[in-house]
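Each remark here refers to the structure printed beneath this line.
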Amino acid sequence: MRSEERAGIISIVMLFLWGTLIAEPFHIFARYIASAVRYAFKGLGDESIIRALILYVVVAFAVILMQIISHSKLSAFMPCAISTAFIAMLVVKSIHNQRVDAREAICLAIPAAVAIAFYLLKFEKGLKWFTDIYTYSLAVALLNALFFVPIAKINGTLDKILYITNYNNINITGSFKDLAGIPEAVWGFFLTAFAALPIIYLAVTGRRK
């Protein structure tokens, strides 16, 4: 299966699963990135447009960087690197809070165990799928934050229909609400289009099988 076909399948499946607990390991992935940005720029405040833009750029850049790596020989190491990094962050978080979040620990342990099994079995196709799941789940998290969250805020009915917004860990568009008299949803559409162009381009031009 070509990489662009795999990207499409994963993105569609994750769009349907994102608002459910099934995708919790990947919610944590997005949440940790957002938390790191908030911590690094905590002096800017929660409503800061500058911090929202930084978060937007960091997440979009992370997706693009992961796409580039997934088309290289380093792609096989990405699941291990991501799992290790986020388990380390959980350890630091647990030490700081003096307690362990059991659900979070389990949700991070499951993909780590799957990755280890794939390495031991030398299941290269499985590792390629795993790498792309991490990559495009983060892209779905960004799409959710920029596109679906502002739409869901328009009225209560849309909020109930768009269950994908149940797990939004990336808060960006709220800081742009009514900026220059432009509605939050319009800002969301613009930011979505701007981020989607390089992501889609890299997805369809990848040559990794």
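The basis for the numbers below is simple: all heavy atoms, side chains too, and nothing from hydrogens, waters or symmetry mates. The first residue of the sequence shown is numbered 1, and numbering continues consecutively from there. Predicted model only: the values in this text are computed from it and were never measured.
Take Ile22 and apply the side-chain contact (heavy atoms from CB on, under 4.5 Å) test, not counting sequence neighbours, and it matches Leu17, Thr20. Residues forming a salt bridge (charged side-chain N to carboxylate O under 4.0 Å, His left out) with Lys93 (at least two apart in sequence, or on another chain): Glu104. Listed by chain and number, the residues in a ring pair (Phe, Tyr, Trp, His ring centres under 6.0 Å) with Phe86 are Phe29, Tyr32 (sequence neighbours excluded).
Proximity of a side-chain donor or acceptor of Asp101 to a complementary backbone N or O of Arg103 within less than 3.5 Å is detected. Using a distance-only test at 3.5 Å, with no hydrogens or angles considered, a donor-acceptor pair links the side chain of Tyr56 to the main chain of Leu191. Using modelled atom types, one side-chain atom of Ser72 and one backbone atom of Ile69 make a donor-acceptor pair closer than 3.5 Å. Remark: side-chain polar atoms of Asn166 are paired, donor with acceptor, to backbone N or O of Tyr163 under 3.5 angstrom. Panel note: side chain Thr173, backbone Pro150; no donor-acceptor pair is recorded below 3.5 Å. Looking at Ser75, its side chain never comes within 3.5 Å of a backbone N or O of His71 through a donor-acceptor pair. With hydrogens and angles ignored, the 3.5 Å screen pairs no side-chain donor or acceptor of Thr84 with any backbone N or O of Ala81. In this structure, the side chain of His27 engages the main chain of Trp18 through a donor-acceptor pair within 3.5 Å. Distance alone, capped at 3.5 Å, places no donor-acceptor pair between the Trp187 side chain and the Lys177 backbone.
The closest side-chain heavy-atom distance from Asp132 to Ile9 is not below 4.5 Å. In this structure, Phe130 and Met78 have side chains that are not in contact, with every pair of non-hydrogen atoms separated by 4.5 Å or more. With contacts defined as side-chain heavy-atom distances shorter than 4.5 Å, the pair Val92/Met89 does not qualify. Leu44 is listed as a side-chain neighbour of Ile54, based on a closest heavy-atom distance under 4.5 Å. You'll find the side chain of Phe26 stays beyond 4.5 Å of the side chain of Val140, heavy atoms only.
Note on residues 99-121: pairs passing ring-ring contact (aromatic ring centres under 6.0 Å, His included), not counting sequence neighbours, are Phe118-Phe123. Here ring-ring contact (aromatic ring centres under 6.0 Å, His included) pairs that include residues 140-161, with residues two or more places apart or in two chains, are Phe147-Phe189. For residues 183-201, every residue pair satisfying the salt bridge (Lys or Arg N to Asp or Glu O under 4.0 Å) rule, not counting sequence neighbours, is listed here: Lys153-Glu184.
Residue Ile50 qualifies as open at atom CD1: its count of foreign heavy atoms under 6.0 Å is 12 or below.
Heavy atoms only, all atoms of each residue included: Ala105 and Val100 are closest at CB-CG1, 4.3 Å.
Residues Tyr136 and Gln67 have side chains that bring a donor and an acceptor to within less than 3.5 angstrom of each other.
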